[in-house]
Amino acid sequence: MTESDDKAPLPRLVAEPWYVDRIEINDHRVAVSGWSMPPDPLTKPAQGWFLINGLPFDHTSYPLPRADVGEVFWQRQGAAMSGYECSIDNIEQIYPGGVLEIRRVNPRTPEIERGRDAWFIPDPASHTHTPDEDQRFRVIGNRDLRGFFISGATDYRRLDHVLQCLRGKRLHQFNRVLDWGVGCGRIARHFPKAYAASLVGCDIDHDNVEWCRSHLPGTYLPITATAPLPFPDSTFDLVYGVSVFTHFGEATQLRWLDELRRISMPGATLLMTIHGRTALDFGRLPREEYWRLCEQVNRKGILVSGANAQLDGHADHGGEYVNVYHSAAYIRDTWSRYFQVEHILPGYLLHQDLVVLRKR
Ligand SMILES: C[S@@+](CC[C@H](N)C(=O)[O-])C[C@H]1O[C@@H](n2cnc3c(N)ncnc32)[C@H](O)[C@@H]1O
């Protein structure tokens, strides 16, 4: 018997992922479908399990067969019965405040993690400027324009939710905000224009920085892959970096933790994403490989899983741009030498965990 034969499917995944993969809008009728890990057999799904702009749908079918999802999440019991289809016949305002919200009601989600239970679809009328396919590919690894808008709006609002819960203020209400590794502004484009004077974005991908400069409100700076950043000590009270620490080996990571500490004000909040257990859950890995990698990440704490060529020819990264997994225990032990590690929220931005830090 091999080591993996005794690993039975799990009753729950740490983040219980879900997704909206189709939205049809016809005048005031909206139909939505997707998948969400099937509910606890004791919690009967009902009308009101999914909400649109805070309202129940008129029709909800859940759970439905989704063999494709079952194949990806084979380690989760019942994942092949995760489909949902919902519709509402007459909704007055489709994009109140510029976004359409689809929410799943999951009573088990703690308040701070509730951002994970909503997806946001931005009003296309407010997003007429788009970076080209190659520019987008370098930040999300695919060319799907709809996904670029939905993931950006959703990530922005999920970060906003955490800040409201923990700090009692919105993302745009911080005085000096840094989007570290801004790319082509997938997230920064959702920062309210009226507050853009407080937003700075920086990246080693100078073509993408130039795109942000020409199309988005805020200040955007090209930087090099070696610290220091062009900011004085204690400049920012909020720094977020989405999918940046997912790409550094340990030595580079430690250098950047040190530099982020330097440019953060005492008491500043930092929101950084990592690839943890949920990224492995999404990995479409064969069983043996999945359990082997889980064990290796737990044992080593940080594991470089391979090279990443997405920036090649566009940014000088000196071969230091790779794909990395972290364990939560490693983050608590190692990152706490630089910051207070307040929370690690699994699968908070789809497959990425969110690490909430505070500068002491
Ligand atoms: C996966 S992309 C994510 C981009 C953006 N944060 C988003 O979520 O759409 C990673 C980004 O980090 C940038 N990057 C890599 N090394 C960096 C560094 N040392 N400092 C700042 N940005 C860096 C890359 O150029 C790329 O734009």
Side-chain angles (χ1 to χ4, degrees), residues 15 17-25 30-34 36 50-55 86 91 93-104 113-133 135-165 169-174 177 179-196 198-199 201 208 211-212 215-218 220 238 240-244 271 273 345 347-352 354:
W18 76 297
Y19 198 64
V20 176
D21 50 23
R22 187 182 62 93
I23 300 164
E24 276 175 26
I25 302 172
V30 182
V32 177
S33 61
S36 178
F50 296 94
L51 303 175
I52 175 165
N53 294 343
L55 303 167
C86 306
I91 186 160
Q93 255 199 306
I94 302 215
Y95 300 106
V99 285
L100 167 69
E101 181 196 81
I102 308 293
R103 180 169 286 278
R104 75 174 172 188
E113 297 185 32
R114 292 245 158 113
R116 192 206 290 126
D117 287 339
W119 283 93
F120 295 90
I121 295 89
D123 184 350
S126 317
H127 292 274
T128 46
H129 296 301
T130 50
D132 69 31
E133 273 189 20
Q135 290 167 324
R136 300 196 310 268
F137 182 81
R138 301 204 292 277
V139 304
I140 48 173
N142 66 55
R143 299 174 192 279
D144 171 19
L145 182 59
R146 181 179 160 278
F148 176 82
F149 285 131
I150 296 178
S151 66
T154 299
D155 290 358
Y156 183 90
R157 279 173 176 72
R158 290 183 182 187
L159 298 179
D160 195 40
H161 175 85
V162 160
L163 294 167
Q164 286 179 69
C165 273
K169 58 180 173 179
R170 311 282 306 265
L171 199 157
H172 63 266
Q173 290 171 326
F174 286 76
V177 179
D179 183 329
W180 175 60
V182 65
C184 54
R186 187 180 64 91
I187 297 173
R189 68 185 300 133
H190 300 283
F191 197 92
K193 286 188 185 58
Y195 295 83
S198 54
L199 176 66
N208 267 344
W211 190 91
C212 293
H215 296 92
L216 302 179
Y220 298 93
L238 175 65
Y240 63 89
V242 173
S243 197
V244 185
L271 303 176
T273 66
L345 309 181
Y348 192 73
L349 300 187
L350 190 58
H351 60 287
Q352 305 209 2
L354 184 70

Original post:
Is it true that H190 and H127 have ring centroids separated by less than 6.0 Å?
Top reply: yes
Original post:
Do you know the tightest heavy-atom contact between G54 and E101?
Top reply: N-OE1, 4.1 Å
**OP:** Kindly indicate whether the side chain of Y220, heavy atoms from C-beta on, has any atom under 4.5 Å from the side chain of H215.
**Re:** no
**OP:** State the SG-CD1 distance between C86 and I52, to the nearest 0.5 angstrom.
**Re:** 9.0 Å
**OP:** Hey, could you give me the CD1/CD1 distance between I102 and I121, rounded to the nearest 0.5 Å?
**Re:** 5.0 Å
Subject >> Test of ring centre spacing under 6.0 Å for Y19 and W119 >> reply: yes
Subject >> Pairwise distance SG(C212) to CG(L199) - rounded to 0.5 angstrom >> reply: 9.5 Å
Subject >> Separation of R170 CZ from Q164 CD (nearest 0.5 Å) >> reply: 4.5 Å
Subject >> Check: R189 and F149 side chains under 4.5 Å, non-hydrogen atoms >> reply: yes
Subject >> Working for side-chain contact (heavy atoms from CB on, under 4.5 Å), residues I150 and V20 >> reply: CA-CA 10 Å; I150 296 178; V20 176; over 6 Å; no
**OP:** For residues V182 and A188, report the shortest heavy-atom separation together with the two atoms involved.
**Re:** CG2-CB, 3.9 Å
Original post:
Backbone N or O of G115 within a donor-acceptor pair of the R157 side chain at under 3.5 Å?
Top reply: no
Original post:
Would you find a donor on one side and an acceptor on the other, under 3.5 Å apart, between the side chain of D160 and the backbone of L171?
Top reply: yes
Original post:
Is Y240 close to I187 at the side-chain level, that is, under 4.5 Å between some pair of heavy atoms?
Top reply: yes
Subject >> Side-chain heavy-atom pair W211, D132 within 4.5 angstrom cut-off >> reply: no
**OP:** Quick one: closest heavy-atom pair of L349 and L159, and the distance?
**Re:** CD1-CD2, 4.2 Å
Subject >> Distance (rounded to the nearest 0.5 Å) between L238 CG and H172 NE2 >> reply: 12.0 Å
Original post:
Could you state the interatomic distance from CG (N208) to CZ (R138), rounded to the nearest 0.5 Å?
Top reply: 4.5 Å
**OP:** Would you indicate whether Y195, at its atom OH, is surrounded by more than 12 heavy atoms from other residues, nucleotides or ligands within a distance under 6.0 Å?
**Re:** no
**OP:** Taking the side chain as every heavy atom from C-beta outward, state whether F148 and Q135 have any pair of such atoms under 4.5 Å apart.
**Re:** no
**OP:** Return yes if some donor-acceptor pair links the side-chain N/O of R116 with the main-chain N/O of P17 below 3.5 Å, else return no.
**Re:** no
Original post:
Any chance NZ of K193 has more than 12 other-residue heavy atoms, nucleotides or ligands included, within less than 6.0 Å?
Top reply: no
Original post:
Do R103 and D117 meet the salt-bridge criterion of a basic N to acidic O distance under 4.0 Å?
Top reply: no
Subject >> Worked verdict on L216 versus F191 for side-chain contact (heavy atoms from CB on, under 4.5 Å) >> reply: CA-CA 9 Å; L216 302 179; F191 197 92; over 6 Å; no
Subject >> Check: D155 and R186 side chains under 4.5 Å, non-hydrogen atoms >> reply: yes
Original post:
Does the side chain of V32 reach to within under 4.5 Å of the side chain of F50, using non-hydrogen atoms?
Top reply: no
**OP:** Indicate yes or no: at least one non-hydrogen side-chain atom of S126 is less than 4.5 angstrom from one of Y95.
**Re:** no
